Each structure stands twice: as structure tokens, then as C-alpha cells.
Amino acid sequence: MKEKLSILLEEAIKVSSEKGLLKIEETPSPGIEPTKEDAFGDYASNVAMVIASKVKTNPRKVAEIIVDHLDDRDGILEKVEVAGPGFINFFLREDVWVGLLEDVEKQGDRYGESSVGGGRRVQVEFVSANPTGPLHVGHARGAVIGDVIANTLRAVGYDVTKEYYINDVGNQMNTLGLSVYLRYRELLGEEVDFPPHYYQGRYIQDLAAQVIKTQGNKFLNADEKDVLSFFVPYAAGAIMDGIRDDLRSFGVVFDNYFSEQELYRNDGVARLIEELQEKSFIYREGNTLWFRTTDFGDEKDRVVVRENGEPTYFAADIAYHRNKYERGFEEIIDVWGADHHGYLPRMYAAIQALGREKDTLKVVLVQLVNLLRGGKPVAMSTRSGEFVTLREVVDEVGKDAARYNFLMRRSDSHLDFDLEIAKKQSNENPVYYVQYAHARICSILKTAHERCYSVPRYGEIEPRLLKLPEEIMLIKYISRYPEVVGGSAQALEPHRFTFYLNELAAVFHSYYNKHRVVGEDAALSSARLFLVNAVGIVLRNALRILGVTAPEKM
RNA sequence: GGGCGAUUAGCUCAGUGGAUAGAGCACAGGCCUCCGGAGCCUGGUGUCGAGGGUUCAAAUCCCUCAUCGCCCUCCA
């Protein structure tokens, strides 16, 4: 609908300027928005005011000229008004709205999808937590946001790969292995001095106990090299298995897990650094190698190879991103914790040094979660190993409530997550509100079926019967859904779905309470069934993208 | 000290330069002989942190300031 009006406007502007009534070089793409108030019609455009400032004419006058040249061939317009400072308000004929429902029938569970992505290959990388311990609640938010962004991009026609980057290189891995080893010795009866910076969590003891079960005490007198070569991969592997399981129970399934070790194979990182050195993006200072990220706007240059000859995390990350491009991804989306925002300029510097356009990388920053229980903060500390795990949250509040609650805010704003509220099956918990609307619709359809009504085909209903304000409102919301999907994909903002769903459910519940769907009048019941079924389709489609179930009963 | 972000109703937050700034929660009162009451309806509150600027139009863009948070490793 928006597109249709937009075309009408563009044509009118073109004709006007050809007639010499408007002196403009190029027609601006008109802004068209659904209005907030009925008095302003159904859609409004500000294009006259935009043009007016360029041609130095009274905006209302410009609007009049445009309106005079509108050619409403299909007869969709009831009337067009010029209002306020120069808005053009479109009033659509009532029966036009019902026509929009035909798309819902035609596209069914694909309604809302599009092909604007054109099959472009996009990689969404998210979670990517170090394999040094189970995922905690902080990771959960990033997991859902990445997952839903990927689902949304897929819905608008991108070829999407979900990837998890495993940071299984570096000091932390040795620390992990040694942590398990110390607990191993401890469990075998030795006195150990467990350093405070080692991993403290209970899961370390569990892993150690496993080793004893399968390997016995054979490592008690082994030298450090043998210890590490067993304990490091063992612990990392077991933890990654756990992470995979936890994610699956949270509805997150990755297409690919990428190990950092991969980057070091065949001296990959070292060779990359040499190349960048040849292109003089990298310079030497003593033993240290610096990346000239300031060339690209970073505030200072960054070390890629340390004094001691070890490459930094950043060095590997450059190699990783180059690898992504080499695998054929045209766009890359990284989902990071917001505390990494200082890392952004150097990453942009890196991809530009690699010869890639800056806008092929997009970084979504995810703010911290405030975990609450009954309004009180839940104490968490990684150091002491006391944290609420993703698994515990899913077990306690369920996948649907957890996912939905993590999607209720912009990703870069802080989020309060209250376990008591998320668990509550009440109106404080928005996920039920939306799911309830869906269950209610299913129930209506069932009742209808029992009374020998079935959902009609679009061609079978009498459009003029759907003319109540609540019905027009519902249809408007339904017709807006594809724009929600498109907008969310374009802006990488999954929270738009939850806001939209809440509104759609509200309009539906209100309608339901005011008017009977299944009644005496067969034609009327039929038309309303069609409408209500369409609402159900939209709810289902949106919830599917969010990875939240749309229950038929609750 | 520098960088980034935030500041909108009692609370938690939406708001893509547009008309009278919205939603949920909380609070108060009402609504089922009827398709699911996990629902609906009715109530009201804003110095959009402050001040300046840009323009037909600013919560939105620019500058200054205040408060809060995060980051400022040759950690990952």
C-alpha cells in the first residue's frame, strides 16, 4: 500500500514539474507513513514540505499542485486532503483494506517474507563465548538477538549462516586445563594450592571427576606437557559439548562452529601479518609489531605481535575476518557484548586494510542483563564461579518466556530480567499475552469447525462485511507486518517484533471482546473467520522468527 | 583525563526530522446466560536532563554543560 501511494506521488510530482509548475531537478522519494490519527487519513506524506524548502514556495501550495495531479487509476482513494503545514493526507476507500488480506492467504506461512536480500551471503556471528565454562545468563541475550537477527535476514531473502567462534587459543586454555588438573589431584587426595585466578566453578570439579573415572590416577606424576596436552582439549571439548546442548535447549542452533586454532594452521596468522607488513599497515618497534589502525581513525595503534613473539587476540581476529570474506560472505554481522565497543574502530580498520568496504561489517552491541528475582538483584561473580547459567534460566522460566523477554528492549539498552516475572503466567509477562491471542484464535477456529463453519477462501467472503473500525484496524496491522520484518532486518533490531506483536495482540483481544466471530449470520461469521485466521497466521509467522512457540492451547 | 553510550509518565522502556510524544507495569473502578477472564473497558501524570544553535518543522541533527554506565592490556 505504501509503495502504491508512493508511486502515485512520484508520478504526480513528475507531471507537475514537466508542466513547469514545480521547478525541481529530481523528484525526492516521498516519505509516506501510516497516520496516528483517523482525522489525518490512513497515510500521510510530507513530500510537499520537503520540496517546498527547495523551490522556496509555500508548502501548502506545493501540496495542492501535487494533489491536483494525482492519478488514482485503480480507484483506491476515498479522498485526499492537504492539512496542517502541508501534509498530504490519503483517505483510502474502506474496501481497499480488505483486499490486502488476499496476500495473507496467498503467502500463508511465508506472509511477511520478501526477497530484498537477493540471496546475498551473510554471516551472523554470535555468542562466541570462551569454552572455559558454561554459558551464563549474560550470554543468553546475545544468543537470542543473534539468532533472531539471522532468522529475520533469512526471511527477507539473505543466504544466512549462523556461526560460533570458539576462542580455544591462548593463556585461558592452559589455565582451564590446569584448573581441572589441580582439582583432579585434589580429588585424588593431594593437598593443592588452588590459585584465585584459576576457574573456580563447580563444573571444574565435575570435569576432574570424569577424568578420574576414565583415566584413573595416571596423570598424578606426569610432566606438565603431558598434563596440558590431555587436560586442555579434554576440558574445552567437554565444555563446548555442554554449550552446544544448552544452546539447543534454548532454541539456538548454529550452522557452523569455527575454531580459532584453524587460523593458526599452516602459519596462517603469521603469514597474514607478513602480508600486512608488506603493505606497510604494520610496523616494528623492537620485537613488537604494531598495526597502524590510526590510519583508519582509531585513537591509537594496536599491537598484533607482542614483545615475546606471541600474536595477540586482535591478530587472530583479523585473520578470522579475512577468512570470513574468503569463504564468500558479502556481509558480516558480529554480535558483541557492549563492553567491547572500544574494539570496534580497530576491527573496522582491519577490514579496510584487508581491502573491504567498511559497511560490509556491521556490529550489533548487546548491553548487560540485570538479573533480578522478585525485584532484587541476583548476585553474580564470574571469579567466584557463582553465576546463574543459561541452563538454569531455561529450566526455570522456559525457552519461550526467556527468549521473548530478552527481545523486549533495544539490544544496546540495559535489560532487567526478573526470573519471578518471566516465570509468572500472568499479565505481567508479555509472552503469554501474545501466545494467548494465538491460542484464542485456534480455539475460535475449533468452535467454528464444530458448528460446521470453515475458514473460507478469500474469494468466498463478502469484503463489505468487514467494515467495523476494529476490523479495519486489524487489517491495517496485518498489512503492516511485512514492513516490520523488512525494517527489523534492515536496522538489525529484533525488538521491533515484540512491540509489534504486543500491539497486534491488543487490537485482536479488544476486537474479540467487543464482537462475536462465530454467530448466527453465516456470511458475517465467514468473513470474520477469514480475518481472525489471518491474524493467527501473522502471529505464527512472527513468533516463528523469534523462535517462540505459537501454542494452540495453553 | 580521553572515547563511547544513556538521560522520555511513579517504575521499566518504545519513538527511522513531522501534526495533540506513546506502550507495558503499578494504582482505582467497572465488564462473562454468549467463540478461552492468561482477556476487555474507563480513569492521568510529562520542563522528552539543562542551555544554546540548525529549519517551514527537533525527543530526534549540531555545540556546551550536568549526572550515570561502560571502555581506555603487549587480556580474550
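Both backbone and side-chain heavy atoms feed into the values below; hydrogens, waters and symmetry mates do not. Please read these numbers as outputs of a predicted model, since none were measured by experiment.
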Do [X] and [Y] have side chains that get closer than 4.5 Å, going by heavy atoms?
| X | Y | result |
| --- | --- | --- |
| A/L153 | A/I333 | yes |
| A/F296 | A/I351 | no |
| A/S128 | A/E163 | no |
| A/I441 | A/N533 | no |
| A/T152 | A/F497 | yes |
| A/T312 | A/R302 | no |
| A/H495 | A/L407 | no |
| A/D42 | A/F90 | no |

Which donor-acceptor pairs under 3.5 Å do side chains of residues 477-491 of chain A form with protein atoms, sequence neighbours excluded?
from, atom 1, to, atom 2, distance (Å)
A/Y477, OH, A/E503, OE1, 3.4
A/S479, OG, A/I475, O, 3.4
A/S479, OG, A/K476, O, 2.9
A/Y481, OH, A/A542, N, 3.4
A/S488, OG, A/E493, O, 3.0

OP1 or OP2 of [N] versus the side-chain N and O atoms of [X]: is any pair under 4.0 Å?
| X | N | result |
| --- | --- | --- |
| A/S443 | B/rG36 | yes |
| A/R528 | B/rC35 | no |
| A/Y512 | B/rG37 | yes |
| A/H509 | B/rG36 | no |

Could you identify the nucleotide paired to [N], looking across every strand shown and requiring Watson-Crick or G-U wobble geometry with both distances under 3.5 Å?
| N | value |
| --- | --- |
| B/rC72 | B/rG1 |
| B/rA6 | B/rU67 |
| B/rU42 | B/rA28 |
| B/rC61 | B/rG53 |
| B/rA19 | none |

| message | Run the ring-ring contact (aromatic ring centres under 6.0 Å, His included) test against A/Y203 and tell me which residues pass, sequence neighbours left out. | response | none
| Qualifying residues under ring-ring contact (aromatic ring centres under 6.0 Å, His included), relative to A/Y313, sequence neighbours excluded | none
What is the nucleic acid contact for [X], judged by heavy atoms within less than 4.0 Å: base, sugar-phosphate only, or nothing?
| X | result |
| --- | --- |
| A/Y432 | base |
| A/E37 | base |
| A/N89 | base |
| A/H449 | nothing |
| A/A448 | nothing |

Between [atom2] of [N] and [atom1] of [X], the distance in whole Å:
| X | N | atom1 | atom2 | answer |
| --- | --- | --- | --- | --- |
| A/E33 | B/rG15 | CD | P | 14 Å |
| A/L365 | B/rG69 | CG | C1' | 14 Å |
| A/R60 | B/rG18 | CZ | C1' | 15 Å |
| A/H515 | B/rC41 | NE2 | P | 11 Å |
| A/E520 | B/rC35 | CD | P | 13 Å |
| A/E81 | B/rA19 | CD | P | 17 Å |
| A/I421 | B/rU12 | CD1 | C1' | 9 Å |
| A/Y404 | B/rA23 | OH | C1' | 12 Å |

| message | Is the base of B/rA19 stacked against the aromatic ring of A/F40, taking ring centres under 5.5 Å apart and planes under 30° as the test? | response | yes
| message | For the base of B/rG36 and the side-chain ring of A/Y436, does the geometry meet a stacking cutoff of under 5.5 Å between centres and under 30° between planes? | response | no
Say we look at [N] and [M]: how far apart would their [atom1] atoms be, to the nearest angstrom?
| N | M | atom1 | result |
| --- | --- | --- | --- |
| B/rC62 | B/rA6 | P | 11 Å |
| B/rU73 | B/rA14 | P | 30 Å |
| B/rG5 | B/rC41 | C1' | 41 Å |
| B/rC75 | B/rC68 | C1' | 27 Å |
| B/rG44 | B/rA26 | C1' | 13 Å |
| B/rU7 | B/rU60 | C1' | 14 Å |
| B/rA21 | B/rA57 | C1' | 15 Å |
| B/rG46 | B/rG15 | C1' | 15 Å |

Checking contacts here: which listed nucleotide ([options]) is nearest the side-chain heavy atoms of [X]?
| X | options | result |
| --- | --- | --- |
| A/A439 | B/rG15, B/rG36, B/rG18 | B/rG36 |
| A/E493 | B/rG15, B/rG37, B/rA19 | B/rG15 |
| A/R451 | B/rG18, B/rC35, B/rG36 | B/rC35 |

| Nearest-nucleotide 5' precedence on RNA chain B, A/K36 against A/E552 | A/K36
| message | With nearest nucleotide decided by heavy atoms, which residue, A/E503 or A/M49, maps closer to the 5′ end of RNA chain B? | response | A/M49
| Would you find more than 12 non-hydrogen atoms of other residues, nucleotides or ligands less than 6.0 Å from A/H515 atom NE2? | yes
| request: Sugar-phosphate atoms are those with a prime plus P, OP1 and OP2; base atoms are the rest. Using that split, label each nucleotide of nucleotides 70-76 of chain B B, S or - for protein heavy atoms under 4.0 Å, 5' to 3'. | output: BS--BSB
| field | Under 3.5 Å side-chain donor-acceptor pair for A/Y511 and A/E471 | value | yes
| query | For the residue pair A/Y320 and A/Y165, does the interplanar ring angle fall in the parallel (under 30°), tilted (30 to 60°) or perpendicular (over 60°) class? | reply | parallel
For nucleotides 25-31 of chain B, which of its nitrogen or oxygen atoms have a protein nitrogen or oxygen under 3.5 Å away, and what is each distance?
from, atom 1, to, atom 2, distance (Å)
B/rC25, OP1, A/N427, O, 3.3

| message | Under 4.0 Å, heavy atom to any atom of RNA chain B: which of residues 405-417 of chain A qualify? | response | A/R409, A/R410, A/S413, A/H414, A/D416
| message | Among A/I461, A/L465, A/L468, A/D521, which residue satisfies the side chain to side chain contact (heavy atoms under 4.5 Å, CB included) criterion with A/R528? | response | A/L468
